[in-house]
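The structure displayed is predicted, hence computed values, not measured ones. In what follows, residues are counted from 1 in the order of the sequence shown.
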Amino acid sequence: MAKNENITISQITDPNFGKCACITNGKIEVYVTLDFGPRVIHCACVGLENIFYQDIAKKTLGEKYDIYEDQIILYGGHRLWISPEVVPRCYHPDNQPVTFTEIENGARFTAAVEKHNQIQKIMTLTMDPDSSRVKPVHSIRNVGQWDIQLAPWAITMLSPGGIEVMPMPDRSTGFLPNRGFTFWDYTELNDSRLYLGKDFITLSQDASKQNAFKLGYNNEAGWAAYFNKGQIFIKYFEPTIDGIYPDNGCCFETYTNGDMLEMETLGEMYELQPDDFVTLEEEWELYPADKLTNAQDEIQLKAALDKFLV
């Protein structure tokens with residue numbers, strides 16, 4: 001049970017997504033779905049708009065992905081997947097009810113076993129009683145009888161209209177390279193939404209551009225931020241320098257299309273033995289913040305970030 005009096009955990013009914021658990025400390029609030037998922041479908045400073053993307057229409061990904069006798073529904077919000085991204089393993093529907101257990105300062109959400117993959121996904125969220133911090137811990141358990149090689153993959157879908165800021169790697173490596181970027185076959189390198197600068201990389205969500213864009217890289221600083229809805233959402237994680245990551249060594253990936261923008265963290269590749277767990281931890285911070293007016297002005301970017309970054 002939540003023992004701190006500043007934190008409230010309650011069950012609510014969301015008009016679009018049904019039963020949810022609401023966790024709040026009076027500064028920030030998150031909603032986690034219980035009828036399916038788990039998905040963190042809402043994240044906001046109290047009194048401000050949801051900074052997470054919601055697919056109210058509940059679009060499906062189409063017949064190509066209807067592999068496991070059920071439809072893949074977009075939903076939105078924050079979810080846990082497994083990497084590398086291959087069909088059909090990644091595309092397992094999360095349409096079943098979620099087990100919800102209160103713990104100190106938060107809750108644990110356990111998904112139904114993915115019977116075809118023989119894994120179970122667990123998401124634990126705890127909230128700092130006195131600050132705007134949430135700690136999600138993502139766990140994947142092997143419930144099968146053989147080893148599985150995978151990497152945990154935490155994906156946050158964010159609302160349209162914002163600007164994402166990521167740190168450019170700056171480790172001194174002498175004559176050796178210190179950064180590596182991975183691009184997908186649909187990525188156009190001259191995409192106007194992307195800015196590659198000296199200290200920062202930015203990606204803007206633009207509803208007028210429906211084509212998809214994705215990049216991954218070695219985000220060694222372990223953070224990324226998104227400005228939108230009068231707020232800044234910061235995702236922290238702890239990368240392993242020169243770790244064995246999927247997708248050509250990416251510990252962080254980002255994706256956008258005309259609907260939303262994704263911030264994605266990845267764990268290292270792991271040989272998951274029967275009844276073993278692998279975990280991926282993040283920390284989120286959310287604050288009211290002024291809107292960014294220029295995604296390529298590094299002086300403005302630094303001034304805006306310096307108010308919030310640890």
Side-chain angles (χ1 to χ4, degrees), residues 32-33 36-41 52-53 55 58-96 98 109-123 136-144 146-158 182-187 212-217 235 237 243-257 259-274 276-282:
V32 186
T33 60
F36 62 91
R39 298 286 185 106
V40 185
I41 207 70
F52 282 7
Y53 170 72
D55 176 33
K58 300 188 178 81
K59 296 187 290 289
T60 69
L61 297 186
E63 293 182 0
K64 175 183 176 182
Y65 298 97
D66 293 346
I67 302 160
Y68 294 125
E69 302 164 356
D70 201 356
Q71 291 183 315
I72 295 287
I73 301 175
L74 192 58
Y75 291 126
H78 176 84
R79 68 187 188 274
L80 172 60
W81 264 20
I82 56 176
S83 184
E85 185 173 5
V86 292
V87 179
R89 187 172 70 157
C90 283
Y91 289 84
H92 199 290
D94 58 351
N95 300 332
Q96 300 302 310
V98 172
F109 303 89
T110 304
V113 170
E114 296 185 1
K115 63 179 181 179
H116 297 282
N117 291 334
Q118 289 296 285
I119 63 170
Q120 187 170 39
K121 297 171 181 174
I122 301 165
M123 191 184 304
V137 178
H138 313 84
S139 301
I140 298 173
R141 182 167 71 97
N142 181 358
V143 300
W146 51 83
D147 295 353
I148 307 172
Q149 189 176 50
L150 55 80
W153 183 16
I155 304 172
T156 306
M157 303 172 75
L158 293 143
T182 294
F183 297 98
W184 278 250
D185 61 0
Y186 51 81
T187 299
F213 176 93
K214 185 169 184 176
L215 72 82
Y217 80 111
K235 180 191 287 243
F237 59 101
I244 309 301
Y245 288 97
D247 299 340
N248 300 330
C250 296
C251 65
F252 184 85
E253 297 171 358
T254 185
Y255 170 93
T256 191
N257 58 22
D259 297 323
M260 53 81 189
L261 183 143
E262 289 182 347
M263 299 167 66
E264 310 172 4
T265 61
L266 297 108
E268 290 191 80
M269 294 298 298
Y270 188 78
E271 194 76 24
L272 191 61
Q273 297 178 354
D276 190 13
F277 285 85
V278 62
T279 61
L280 174 61
E281 296 185 8
E282 296 181 337

Asks: Counting distance only, does the side-chain N/O of N95 pair as donor-acceptor with the main-chain N or O of Q71 below 3.5 Å?
Replies: yes
Asks: Looking at OG1 of T182 and CZ of F252, how far apart are the two atoms once the value is rounded to the nearest 0.5 Å?
Replies: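 So the OG1 of T182 and the CZ of F252 are separated by 13.5 Å.
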Asks: Taking the side chain as C-beta and beyond, is there a heavy-atom pair between Y75 and M157 under 4.5 Å?
Replies: no
Asks: Kindly say whether I122 contributes a backbone atom to a donor-acceptor pair with the side chain of H138 at under 3.5 angstrom?
Replies: no
Asks: Side chains of Q273 and N142: closer than 4.5 Å at any heavy-atom pair?
Replies: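 A side-chain contact is absent here, since even the closest heavy-atom pair is not under 4.5 Å.
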Asks: Verify whether the ring centers belonging to W81 and Y91 lie closer than 6.0 Å.
Replies: yes
Asks: Between K121 and E114 (salt bridge meaning N to carboxylate O under 4.0 Å), is one present in this structure?
Replies: yes
Asks: Look up atom CD1 in I82 and atom NE2 in H92, then write down how far apart they are to the nearest 0.5 Å.
Replies: 9.5 Å
Asks: Any donor-acceptor pair under 3.5 Å linking the side chain of S139 with the backbone of F277?
Replies: no
Asks: Side chains of Y270 and D276: do they bring a donor and an acceptor to under 3.5 Å?
Replies: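 Judged by distance alone, the side chains do pair up.
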Asks: For T187 and K214, indicate whether the former's side chain and the latter's backbone hold a donor-acceptor pair under 3.5 Å.
Replies: yes
Asks: Could you measure the distance from the OG1 atom of T254 to the OH atom of Y217? Nearest 0.5 Å is fine.
Replies: 9.0 Å
Asks: Would you compute the distance between atom CG of L280 and atom CD of E268 and round it to the nearest 0.5 angstrom?
Replies: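 Answer for the CG-CD pair, L280 versus E268, is 11.0 Å.
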Asks: Please determine which of E262, K235, R79 meets the side-chain contact (heavy atoms from CB on, under 4.5 Å) test together with T156.
Replies: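 It is K235; the other options fail the test.
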